[in-house]
**Q** 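Just dropping this structure here.
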There are 2 protein chains.
Amino acid sequence: MEKLTKRQNQVFEFIREAVAASGMPPTVAEIAVAMGVSSTNGIRGHLQALARKGVIELVPNASRGIRLLDQSEAEAEPLGLPIVGQVAAGSPILAQEHIEDHCRVDNDTFHPAADYLLRVKGESMRDAGIYDGDLLAVHRTSTANNGQIVVVRIEDEVTVKRLQIKGHMAYLHPENPDFDVINVNMKKQALDIEGVAVGVLRRL
Amino acid sequence: MEKLTKRQNQVFEFIREAVAASGMPPTVAEIAVAMGVSSTNGIRGHLQALARKGVIELVPNASRGIRLLDQSEAEAEPLGLPIVGQVAAGSPILAQEHIEDHCRVDNDTFHPAADYLLRVKGESMRDAGIYDGDLLAVHRTSTANNGQIVVVRIEDEVTVKRLQIKGHMAYLHPENPDFDVINVNMKKQALDIEGVAVGVLRRL
DNA sequence: AAAAGCACTGCTTATTTAAACAGTATTTAT
DNA sequence: ATAAATACTGTTTAAATAAGCAGTGCTTTT
């Protein structure tokens with residue numbers, strides 16, 4: 001960005017202060033008075049220079065037609081919760097390569113607190129209001145109660161289902177009649193609970 | 001604070017949107033065009049009413065002399081998005097008394113950005129994956145396209161439906177066969193679009 | 001040394017804009 | 001029932017405002 005002259009900077013600062021103070025941009029005449037300049041034309045040059053240098057935009061023939069363009073420095077923003085996409089077989093859910101993005105959602109939005117957002121694949125939980133592409137807020141835990149929607153890993157596959165445990169059998173219920181219940185004999189097969197669902201976030 | 005009429009609310013909303021979009025308040029004539037009113041005088045009355053009710057301040061003889069007051073959550077970033085519950089007839093959706101709570105969700109999680117979260121009542125949008133108690137992320141706007149899920153005000157009632165406009169008829173489609181389509185003849189009944197749904201947030 | 005840019009004065013003109021006047025019809029409150 | 005507030009149409013006027021023209025010094029760059 002081209003540098004402003006000292007005077008241009010004064011004019012720019014005045015415009016910013018005026019907008020902050022009164023909620024509307026100043027007129028050219030108001031700037032002239034504030035700058036101690038007797039002609040509005042003395043200011044017009046500055047405005048055109050500011051517009052050319054990209055810090056403001058001038059709206060032709062509009063009163064107070066000065067638009068501040070924010071070239072605000074990117075502030076150090078908290079990353080928020082990681083969005084986890086496809087999980088490769090055998091690797092931890094929160095491995096770096098699974099993190100598609102971040103979403104600035106406060107983790108205490110949910111109870112218990114969410115640790116990450118899992119992008120849901122498929123329609124198997126449709127009737128629970130969880131659709132393909134939704135972000136499922138997940139609280140990491142290795143224990144869950146019957147009836148909770150859980151993120152589980154069976155034979156290196158990660159899936160989301162409603163949990164029911166009876167003795168050594170685990171039944172993973174989909175919420176869609178087109179899908180079958182998955183039966184897991186925990187004496188023969190490993191069933192790892194990765195977390196419980198604590199919320200849903202969908203972008204329309 | 002004294003409640004606004006429906007029309008006054010529309011005018012107030014437009015001013016807010018205009019300030020946000022262009023960085024300066026609109027002229028009376030611009031508001032008149034946006035409201036579909038042929039005389040600026042039709043708007044002056046609204047502005048004076050809004051000033052009397054304390055939501056704006058009018059600067060005499062100044063072009064664009066409209067100052068938005070009530071900076072409540074204008075820069076209340078740490079609070080996050082307001083959660084709006086039951087909306088009383090005739091008052092702005094974001095009126096203080098409707099705000100149940102806040103949720104620290106970054107508004108650019110959604111596109112376009114969400115302005116507030118509306119707590120959904122009833123099951124009429126169930127098959128769109130929007131359930132009773134869900135928080136609907138809403139972008140404030142007074143215009144929407146066919147097929148979008150919108151927040152509308154009909155006869156002072158606020159409701160969420162899928163929008164379809166054909167000529168002077170508006171059809172508000174529920175997403176649940178147990179509910180009927182609402183037909184609104186816009187020549188007879190006012191239909192005010194309060195915003196479009198941009199996301200869903202559910203706490204399990 | 002010349003050219004370009006900066007920072008103005010002073011004046012004029014056209015457009016934008018707020019605001020006032022004079023009405024009408026409808027709704028809401030007393 | 002009456003008054004007040006709401007929600008306008010249509011026109012006019014004057015103030016506010018942007019923008020153009022023609023200059024004057026001064027400083028910085030080429």
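We name chains A, B, ... by the order of the sequence lines, and we start the count at 1 in each one.
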**Q** Return yes if some donor-acceptor pair links the side-chain N/O of B/Asn176 with the main-chain N/O of B/Asp127 below 3.5 Å, else return no.
**A**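 A pair under 3.5 Å: no.
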
**Q** Just jot down the salt bridge (Lys or Arg N to Asp or Glu O under 4.0 Å) partners of B/Arg119, sequence neighbours excluded, or say none.
**A**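 With neighbours one apart ignored, the set is B/Glu100.
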
**Q** For A/Asn61, what residues pass the side chain to side chain contact (heavy atoms under 4.5 Å, CB included) criterion, not counting sequence neighbours?
**A**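 For A/Asn61, no residue satisfies side chain to side chain contact (heavy atoms under 4.5 Å, CB included) once neighbours in sequence are set aside.
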
**Q** Regarding A/Glu175 and A/Arg162, does a basic nitrogen lie under 4.0 Å from an acidic carboxylate oxygen?
**A**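 A salt bridge links A/Glu175 with A/Arg162.
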
**Q** Roughly, in whole Å, what's the span from CG in B/Leu58 to P in C/dT17?
**A**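 To the nearest whole Å, that distance equals 16 Å.
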
**Q** Does a side-chain N or O of B/Gln48 approach OP1 or OP2 of D/dT6 to a distance below 4.0 Å, or not?
**A**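 The answer is no; no side-chain N or O of B/Gln48 sits under 4.0 Å from OP1 or OP2.
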
**Q** What's the CG-P distance between B/Asn9 and D/dT6, to the nearest Å?
**A**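 It works out to 14 Å between those atoms.
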
**Q** Counting only heavy atoms not in A/Arg67, do more than 12 sit closer than 6.0 Å to its CZ atom?
**A**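 Above 12, so yes.
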
**Q** When the distance from CG of B/Leu47 to P of D/dA7 is rounded to whole Å, what number comes out?
**A**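 Nearest whole value for this atom pair: 12 Å.
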
**Q** Protein within reach of the bases, or only the backbone? For nucleotides 25-30 of chain C, mark each nucleotide 5' to 3' as B, S or -, using heavy atoms under 4.0 Å.
**A** ------

**Q** Is A/Leu135 close to A/Val105 at the side-chain level, that is, under 4.5 Å between some pair of heavy atoms?
**A**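 Not in contact.
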
**Q** What is the distance, to the nearest angstrom, from the CE atom on B/Met35 to the C1' atom on D/dT6?
**A**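 Atom-to-atom, B/Met35 to D/dT6, this comes out as 16 Å.
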
**Q** Taking only residues two or more places apart in sequence or in another chain, which ones pass side-chain hydrogen bond (donor to acceptor under 3.5 Å, both in side chains) with B/Thr40?
**A**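 For B/Thr40, no residue satisfies side-chain hydrogen bond (donor to acceptor under 3.5 Å, both in side chains) once neighbours in sequence are set aside.
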
**Q** A/Gln10 CD to C/dA7 C1': how many Å, rounded?
**A**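 It works out to 12 Å between those atoms.
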
**Q** Which residues pass the salt bridge (Lys or Arg N to Asp or Glu O under 4.0 Å) test with A/Arg126, sequence neighbours left out?
**A**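 A/Arg126: no salt bridge (Lys or Arg N to Asp or Glu O under 4.0 Å) contacts found.
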
**Q** Does B/His46 put a side-chain nitrogen or oxygen below 4.0 Å from OP1 or OP2 of D/dA7?
**A**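 For B/His46, the contact criterion (side-chain N or O under 4.0 Å from OP1 or OP2 of D/dA7) is met.
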
**Q** Send over the distance from A/Gln8 CD to C/dG5 P, rounded to a whole Å.
**A**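 Those two atoms, CD and P, are 13 Å apart.
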
**Q** A/Leu136 pairs by side-chain contact (heavy atoms from CB on, under 4.5 Å) with which of A/Leu117, A/Val160, A/Val84?
**A**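 Single side-chain contact (heavy atoms from CB on, under 4.5 Å) partner of A/Leu136 among A/Leu117, A/Val160, A/Val84: A/Val160.
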
**Q** A/Lys53 has an atom NZ; how far is it from atom P of C/dC6, in whole Å?
**A**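 Rounded to whole Å, this separation is 6 Å.
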
**Q** Check nucleotides 11-18 of chain D for protein N or O atoms closer than 3.5 Å to its own N or O atoms and list the pairs.
**A**
| from | atom 1 | to | atom 2 | distance (Å) |
| --- | --- | --- | --- | --- |
| D/dT17 | OP1 | A/Arg64 | NH2 | 2.8 |
| D/dT17 | OP1 | B/Ser63 | N | 3.2 |
| D/dT17 | OP1 | B/Ser63 | OG | 3.2 |
| D/dA18 | OP1 | A/Arg64 | N | 2.8 |
| D/dA18 | OP2 | A/Val28 | N | 2.8 |
| D/dA18 | O3' | A/Asn61 | N | 3.4 |

**Q** Please give, in whole Å, the distance from D/dA7 P to B/Ile43 CD1?
**A**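 So the CD1-P distance, B/Ile43 to D/dA7, works out to 10 Å.
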
